[in-house]
**Student:** 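Submitted below is the structure of interest, expressed as structure tokens.
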Amino acid sequence: MAALYLVGTQPPQPPSILAEEFPVKLSAFNELTREIREAGITIKHLVFVDNKIFIDQSSVELFLRRFGHELRRISYSPAGRFTRNTVTVRGVDVAWYTQVKEQDHE
């Protein structure tokens, strides 16, 4: 009988401060965070380990007006009753949650 082995995924390791790319990533993350705040956009969470800045849904329009020309990857992923919207600006992911809209059934 064949054996079944379940292998879990490894959680991402925190970036090493000794790695050559660490100061570059930290600088980009901090610079974008500053510019987002200066633009009046509400930041909900900063997650440097995941290279992600979460903004408030009410600030999305302002964010898109200010940084829309710098958007790179755009993705949407379900998260329960919400959708996580993620865009990449200068190598940093910026995300916000929107409520899933139910389809009209007729």
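Every heavy atom of this structure was used, including side-chain atoms; hydrogens, water molecules and symmetry mates were not. Quick caveat: nothing in here was measured; it's all calculated off a predicted structure.
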**Student:** Following the transitive rule for hydrophobic clusters with a side-chain heavy-atom cut-off under 4.5 Å over Ile, Leu, Val, Met, Phe, Trp and Tyr, establish whether Phe48 and Leu46 coincide in one cluster.
**Tutor:**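 Looking at the clustering, Leu46 is in the same group as Phe48.
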
**Student:** Taking side chain as C-beta onward, heavy atoms only, is Ile53 less than 4.5 Å from Phe29?
**Tutor:**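 Yes, side chains in contact.
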
**Student:** Are Leu71 and Val92 connected in the hydrophobic side-chain network, where two residues link if heavy atoms are under 4.5 Å apart?
**Tutor:**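 Shared cluster, yes.
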
**Student:** Let me check something: do Ile41 and Tyr97 share a hydrophobic cluster, defined by ILVMFWY side-chain heavy atoms less than 4.5 Å apart, either directly or through other members?
**Tutor:**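 No, Ile41 and Tyr97 fall in different hydrophobic clusters.
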
**Student:** Identify the two heavy atoms, one from Arg37 and one from Ile43, that lie closest to each other, and give their separation to 0.1 Å.
**Tutor:**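 Looking at all heavy atoms of both residues, the shortest contact is CG-CD1, 3.6 Å.
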
**Student:** Taking the side chain as everything from C-beta on, heavy atoms only, tell me whether Asp56 gets closer than 4.5 Å to Phe63.
**Tutor:**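 No, side chains not in contact.
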
**Student:** Side chains of Arg73 and Thr88: is there a donor and an acceptor less than 3.5 Å apart?
**Tutor:**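 A donor-acceptor contact under 3.5 Å links the two side chains.
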
**Student:** With rounding to the nearest 0.5 Å, note down the distance linking CG in Leu64 to CD in Glu70.
**Tutor:**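 The distance works out to 12.0 Å.
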
**Student:** Between Val89 and Ile36, is any pair of side-chain heavy atoms under 4.5 Å apart?
**Tutor:**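 Val89 does not reach Ile36 side chain to side chain.
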
**Student:** To the nearest 0.5 Å, tell me how far Asn85 CG sits from Gln57 CD.
**Tutor:**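 If I round to the nearest 0.5 Å, the distance is 8.0 Å.
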
**Student:** Taking the side chain as every heavy atom from C-beta outward, state whether Phe67 and Val87 have any atom pair closer than 4.5 Å.
**Tutor:**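 Not touching, per the 4.5 Å side-chain cut-off.
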
**Student:** Give me the ring orientation class for His45 and Phe54: parallel if the planes are under 30° apart, tilted from 30 to 60°, perpendicular past 60°.
**Tutor:**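 If you compare the ring of His45 with that of Phe54, the planes turn out perpendicular.
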
**Student:** Among residues at least two apart in sequence or on other chains, which ones pass side-chain contact (heavy atoms from CB on, under 4.5 Å) with Glu31?
**Tutor:**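 In terms of side-chain contact (heavy atoms from CB on, under 4.5 Å), with neighbours along the sequence ignored, Glu31 is linked to Arg34, Glu35, Arg90.
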
**Student:** Donor-acceptor pairs are to be reported for all side-chain atoms of residues 75-84 against protein atoms at under 3.5 Å, with residues two or more places apart or in another chain.
**Tutor:**
| residue | atom | partner | partner atom | Å |
| --- | --- | --- | --- | --- |
| Ser77 | OG | Arg84 | NH2 | 3.4 |

**Student:** For Arg65, what residues pass the side-chain contact (heavy atoms from CB on, under 4.5 Å) criterion, not counting sequence neighbours?
**Tutor:**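 Arg65 satisfies side-chain contact (heavy atoms from CB on, under 4.5 Å) with Glu61, Leu62 only.
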
